[in-house]
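Structure record follows, encoded as structure tokens.
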Amino acid sequence: MVRINAPRVNATVLAVGFAVTVLVAIALIRWLSGTPLGVDSAVYRAGGSAVLHGEPLYDHLTALPGWVPELPFTYPPFAALLFVPLTALPSQGCWGLLATAAAPSLHVALRPFTERAYLPLLLLGAFALQPVWQTIGLGQVNLLLMAVVVADVLLLRESRFRGIGIGLAAAVKLIPLIFIVHLVLVRRFADAARALAAFLGATTLAFVVLPEDSVRYWTSAIFNGHFAEMKGWVGNQSWQGFVARTLPEGRVATVLIGCFGVLCAVVMIWLVRRLHRAGDDPGALLVTAGCALLVSPISWTHHWVWVVPALGYLCARRPAMGMAAVVFTGWTVAVVPGGGGAERTWNLGQAVVGNAYPIAALALLFVLGRRSSEGFAEVVRLDAESGAGDVRVEDHRGGVQVAPLRRVETEGESLAALTNPRPAEQKLDGAGMKFPNAFRRAAGRGGEAREEIGPREIRRDDRIVPPRPAFQRRDSRSRGLGDGDDRGGAGVGEDIRVADGHAAQHGFER
């Protein structure tokens, strides 16, 4: 009997293809039936038309269809330049173009945050979340911009163009500027410089092509009074929206907004740097995104697309945390009185439900803060019984581990570095993984004498790159490393014996 091996079908590709097919079908049906669809994509198209016909960009948009409310164009002029090609399509076609990009964008945004096995379910489940289906229904660009930022920060590690995507995203919508600060906090200064240069270059191009619109945007239109009047509406899930719904305008409200902004900035700086030092760059990126949503004056519910990678991150570590998705399905906004100042009449229960998004964001920051401490341990002593070169380690939970030492060359000195047992989720490229100088050896490779430096908190002063993947058992706190090396390197794994029964192998080199 001849066995024919059928090619394996990638479930994630099937999920993306299914979602794209459904959205294309919806766009075609709406176009053929003449049914309107995509309020915001119609505004984008009208902005591109204003540029094409030399009309003022921040006045009445003459190309707006009659079924679209009288909405202003609120994006920087560079965005209007990018929207010019949309004028070649009907309104439903513009919506379809942006909608079909949703599934690939979700795939890109989820990849660094979760296990591959979870991707298809998470990707399809994301369409049940209000930020996602509202972004698609309005024809918004939020998912595209999020995918660009995630790719720039976490996926394009070896690209010479790192940072440019963030700069261009910020030129389209200003909020991504905070991710330039993120690059600085994780000490990717060259990437931050490229991002800033891309932003300034795109903005300068818009000044050259649209000088009057650019002056008007940066001097007046940027302070959009249209949306400022709606700040207290339940659809605005930022901290300022919470304050506007809770307190009357005045000095107290202003002080609360300012103090929270300062506190959020301090927490972001501390937590991003701490998570980065612990090797958790996806968690660090979620901190920055969460703080941006909280401190922004306007964070409409469809802006909260970052809940998708956040849920992927949580599910990969505690699958039960996926239940948090229920908060973001849209019911919290629907069940409370909203509009016309009704938010000021909420009781305590309605206030909790109606402000569920920022409450959930604060809870995520707390979880990430707790998790950041998992990347640190304390060297206790050399354990002679465990074999030469082993060191006994006690982590912050009191668990005892025995780990091997590997020699690391730093500035001409031969040092022994502890293969850190936590966090377990180390990226294959090793970017950002820095390990401590746990014990100092005598100069030269042949030296055997050791001088104990600890006990002390382990710091990551050396960059250690795993030359091949390690095969690692998963527990409830960790993710296993991959099963393939994208550099083709060859390294030697070493066992780490752990008191709670888990075992892992790591091969690290300078």
Side-chain angles (χ1 to χ4, degrees), residues 15 19 23 40 99 102-103 105-114 118-147 149-150 175 233-242 245 264 282-283 285-296 298-339 343 346 349-368:
L23 292 169
D40 286 350
S105 298
L106 287 169
H107 180 220
V108 171
L110 277 167
R111 275 180 57 195
F113 291 93
T114 192
Y118 296 154
L119 267 176
L121 182 61
L122 286 170
L123 195 150
L124 292 177
F127 287 91
L129 303 177
Q130 183 185 25
V132 175
W133 56 253
Q134 201 172 51
T135 288
I136 295 172
L138 293 172
Q140 266 278 348
V141 294
N142 302 313
L143 290 170
L144 275 171
L145 296 182
M146 177 179 66
V149 171
V150 170
I175 289 298
W233 179 48
V234 65
N236 179 22
Q237 290 287 304
S238 69
W239 173 257
Q240 289 196 34
F242 166 77
R245 289 187 287 272
C264 205
L285 182 59
L286 289 178
V287 170
T288 303
C291 289
L293 289 166
L294 287 170
V295 302
S296 174
I298 300 292
S299 290
W300 304 129
T301 49
H302 60 264
H303 291 170
W304 286 75
V305 290
W306 284 94
V307 303
V308 178
L311 289 170
Y313 179 93
L314 293 174
C315 287
R317 291 152 180 83
R318 299 279 198 280
M321 287 187 176
M323 295 298 295
V326 175
V327 174
F328 300 99
T329 53
W331 69 271
T332 59
V333 176
V335 300
V336 295
E343 293 84 358
W346 286 353
Q350 290 171 330
V352 172
V353 172
N355 294 295
Y357 281 37
I359 292 173
L362 292 172
L364 175 62
L365 291 178
F366 175 78
V367 170
L368 290 170

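Side chains included, hydrogens not; waters and symmetry mates left out as well; all remaining heavy atoms used. A quick note: this is a predicted structure, and the numbers were derived from the prediction, not measured.
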Side-chain heavy atoms of T114 within contact of Y313, under 4.5 Å: no
Please tell me if the side chains of S238 and L294 come closer than 4.5 Å, counting only heavy atoms from C-beta onward. no
For A19 versus F127, what's the shortest heavy-atom pair and its separation? CB-CZ, 3.7 Å
Residue pair L23 / A99: nearest heavy atoms and the distance that separates them: CD1-O, 3.1 Å
Any side-chain heavy-atom pair from L122 and F113 closer than 4.5 angstrom? no
Looking at V326, is its backbone amide N or carbonyl O close enough to the side chain of T329 to form a donor-acceptor pair, meaning the two atoms are under 3.5 Å apart? yes
Do V307 and V327 come close enough that some side-chain heavy atom pair is under 4.5 Å? no
For L368 and G283, work out which heavy atoms get closest and say how close. CD1-O, 3.7 Å
With sequence neighbours left out, what residues match S105 under side-chain hydrogen bond (donor to acceptor under 3.5 Å, both in side chains)? none
Rounded to the nearest 0.5 Å, how far apart are CG of L362 and CH2 of W239? 7.5 Å
State, with a plain yes or no, whether a side-chain heavy atom of L364 is found less than 4.5 Å away from one of L314. yes
Heavy-atom pair of closest approach, residues T332 and V353: CB-O, 3.4 Å
Between W306 and L285, is a side-chain contact (heavy atoms from CB on, under 4.5 Å) present by the stated rule, with each step listed? CA-CA 10 Å; W306 284 94; L285 182 59; 4.1 Å; yes
Atom pairs and distances, side-chain donor-acceptor, residues 137-147, under 3.5 Å, sequence neighbours left out:
from	atom 1	to	atom 2	distance (Å)
Q140	OE1	Y44	OH	3.0
Q140	OE1	Y75	OH	3.2
Q140	OE1	K173	NZ	3.4
Q140	NE2	D40	OD2	2.7
Q140	NE2	Y44	OH	3.4
Q140	NE2	Y75	OH	3.4
N142	OD1	K173	NZ	2.8
N142	ND2	T135	OG1	3.2
N142	ND2	H302	O	3.0

Of all the heavy-atom pairs spanning C264 and C291, show the shortest one and how long it is. SG-SG, 3.4 Å
Closest contact, heavy atoms only, G330 versus W133: CA-CZ2, 4.5 Å
Heavy-atom side-chain proximity of P112 to V150 below 4.5 angstrom: yes
Got a list of side-chain donor-acceptor pairs under 3.5 Å for residues 354-361, not counting sequence neighbours?
from	atom 1	to	atom 2	distance (Å)
N355	OD1	R245	NE	3.2
N355	OD1	R245	NH2	2.6
N355	ND2	A351	O	2.8
Y357	OH	Q130	OE1	2.6

CG of L119 to CG of L124, rounded to nearest 0.5 Å, is 10.5 Å
So, does W346 use its side chain to make a donor-acceptor pair with the main chain of P337 at under 3.5 Å? yes
Distance-only, no hydrogens or angles: does the E343 side chain make a donor-acceptor pair with backbone N or O of V234 under 3.5 Å? yes
Please report the interatomic distance CD(Q237) to CZ(F328), rounded to the nearest 0.5 Å. 9.0 Å
